[in-house]
Each structure stands twice: as C-alpha cells, then as structure tokens.
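This report refers to the structure that appears directly beneath it.
Nothing here was measured: the structure is a model prediction, and the numbers come from that model.
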Amino acid sequence: MRSALTTAAVVVGLLSSSGALAAEQRSAKPAARPPIVLDGRALRFRAPELGTGVVAARSVTAEGGKALPVASKDLVRLPDGWFVLTVPEGVSAGTVTLAPQSGPPQTFAFVSSAVAPAAANPKWDAARRAQCLALAGAWFGKISGNDPDVRASVSLEIDADCRTVYGILHWRSALSGINDRVLRGTWDAEKRALSAADVRLNVDQPAHGFRFCTIDRYTLALSADGTRLEGEYWSEECRDRAKVELARPEQPAAR
C-alpha cells in the first residue's frame, strides 16, 4: 500500500524515512494533547504527561533560533495538568522546552498574540463578535490518514478582519512521532468553514523510518453548536488524505 511502504521507508501522513527518535519515545503511548491558549505573553497549555513532580522550564527558543532563559517563577502549574508560562518580552513565535522531574524533556511550539494579532474588532457588535470568534481557541481530537491514530491539538486565532486565521497544530503519535506545525488560513464565518495550509514545522521529530511533510490543504467545518471542527486534510508530498475530528477541550479548573 502506497501509504504504508516506499522501498525501505514508511510513508505516513506527513511521513517517510529520515531522522530517528529514541526507542522509548517511539514505543511510548501518544503524548497528551496540550491545547495552547494564548493571552498576550501568557502561554496556557495542558500537558499531564509531564507528571506531578517538579517541572522546570529550560528555555524559550525564538523563531530565529535564539535561546532565551526563563526563570522558575515564569512557569505556573494549574490543576489537572495545566500550566501557564510567561513568554519573554518581544518573542512572537518559537518553542519552549520543559523538563519534568522524571522522563524526557518535552518541546512545544507557540505563536504569540504578536503573530496572531487581534482577537476582536471594536467595530463588531455582539452577534458579529460571536460569529467571527466561534472558531478561535483550543481544539483537540484525532487525525486518521496514513497514520491512523494521531492525537492532535490545535490552537487558533482570528484576525480583526474576521477572516485570517493563525494557528498551531500539535501532532502526537506512537507510530509516526511528534511534530508541531504553524498554519495559516481563511475563515468563512457565514459558512462556518475553515480553509488552511501549513506555513512551516516548528518541531519535527519523526520516529525512525518516517519523515513529516507539510499539509497543503485543511478543509474543516464548524458544527452548528460550535463544539466540533471536522473535515480532512491533504498532503501532496506524502500522498496523504486524512480525516480530522476535533472538539473543544475541557477548561482548567479555577485556582
């Protein structure tokens, strides 16, 4: 099957040979789906896989590759596996690496409000605001394509034009590996339809025998009640057409 084998390499959704993960990472269960919620410099995400012990923020790497230190006070643990990290001033996109007391470090990509500029337009009335921002925020669920069991989380921001969408998709799979991809697209608020594509991969950690490709087209529809975001994506390079099923995550308990 073309989606499974290409000579000695496996081609899975955004994958085929190159690079390698440590064996324990490759065989582990899929990492939790940490939806990223952005609010100014505050990066909120859920990562229960980091455990209940001490978690340290090693560094924040800006988009250009510069590593910036973060203080222990910049990372706050919330109930139910949620964290809030204060991102250094002036950083608009990049990755953050967290080190749990036990287990391997975890890296997450993010886009700040400077990259996903406006969460609302002051000219919108209440109805228009609800319509435009119906897509915004965190989603989690499953992707089923060449890799049939990918756990995915997505964080989306809507520009003040009620049309331009920016986002991060976190891909976690015991089979194919880990990636975090920046996407950009167009939101049709009247039709409740999202069309998007990958801009780049901020984190690219395929399992041994795989590689990740960019997604050329996401075609997703928001349900009438606003709780489900479903559709498909297509990757030309990996010849992968996948079903995407996302839902709203549970919110963290108030402190």
Side-chain angles (χ1 to χ4, degrees), residues 33-47 60-63 78 82-96 107-141 143 152-171 179-203 214-215 217-223 226-231 233 244 246-252:
R33 292 112 29 214
I36 290 187
V37 179
L38 303 167
D39 181 14
R41 290 175 56 199
L43 186 68
R44 182 181 298 202
F45 57 96
R46 189 168 188 263
V60 168
T61 302
E63 192 173 14
L78 299 176
W82 287 80
F83 295 82
V84 174
L85 175 72
T86 300
V87 176
E89 189 77 44
V91 177
S92 61
T95 59
V96 57
T107 299
F108 305 99
F110 65 88
V111 175
S112 79
S113 57
V115 173
N121 187 322
K123 296 181 180 180
W124 295 341
D125 59 21
R128 183 60 171 167
R129 178 186 175 91
Q131 185 183 49
C132 291
L133 299 184
L135 183 72
W139 300 87
F140 75 93
I143 293 173
S153 68
V154 182
S155 180
L156 299 172
E157 296 284 338
I158 313 298
D159 203 348
D161 62 4
C162 189
R163 187 168 178 81
T164 306
V165 177
Y166 304 85
I168 287 281
L169 184 151
H170 301 270
W171 168 297
N179 69 67
D180 293 326
R181 50 189 71 236
V182 177
L183 60 90
R184 179 170 178 165
T186 301
W187 165 235
D188 187 327
E190 284 73 25
K191 295 181 179 179
R192 302 174 73 81
L194 171 64
S195 177
D198 286 347
V199 176
R200 62 182 176 274
L201 271 67
N202 271 6
V203 173
T214 55
I215 295 173
R217 184 176 66 256
Y218 300 85
T219 305
L220 305 176
L222 182 65
S223 64
T227 63
R228 301 185 310 281
L229 185 61
E230 299 175 334
Y233 75 64
V244 179
L246 302 172
R248 287 295 189 185
E250 295 180 2
Q251 294 302 307

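Between Arg163 and Ile158, the shortest heavy-atom contact is N-CG2, 4.3 Å. For the pair Tyr166 and Asp159, the tightest heavy-atom approach, listed with the atom from each and the gap, is OH-OD2, 3.9 Å. Closest heavy-atom contact between Arg248 and Phe140: O-CE2, 3.5 Å. Contact between Ala134 and Trp187 at its shortest, heavy atoms only, is CB-CZ2, 4.4 Å. Nearest heavy atom pair, residue Asp180 against residue His170, reads OD1-ND1, 2.7 Å. The heavy-atom pair separating Leu156 from Leu183 by the smallest distance is CD2-CD1, 4.0 Å.
Judged purely by atom type and a 3.5 angstrom limit, Arg217 has no side-chain atom pairing as donor or acceptor with the backbone of Ser195.
In this structure, the separation between CG on Asp198 and OH on Tyr233 is 9.5 Å, given to the nearest 0.5 Å. In this structure, the separation between CH2 on Trp171 and CD1 on Ile215 is 6.5 Å, given to the nearest 0.5 Å. Summarising the geometry, atom CG belonging to Leu246 is positioned 8.0 Å from atom CD belonging to Glu230; distances are rounded to the nearest 0.5 Å. A distance of 11.0 Å separates CG of Asp188 from CG of Leu135, quoted to the nearest 0.5 Å. Interatomic distance, Arg184 CZ to Glu157 CD, rounded to the nearest 0.5 Å: 13.5 Å.
Ion pair Arg128/Glu190 flagged as a salt bridge, since at least one NZ, NE, NH1 or NH2 atom sits closer than 4.0 Å to an Asp/Glu carboxylate oxygen.
The shortest side-chain heavy-atom distance between Leu222 and Leu194 does not fall under the 4.5 Å cut-off.
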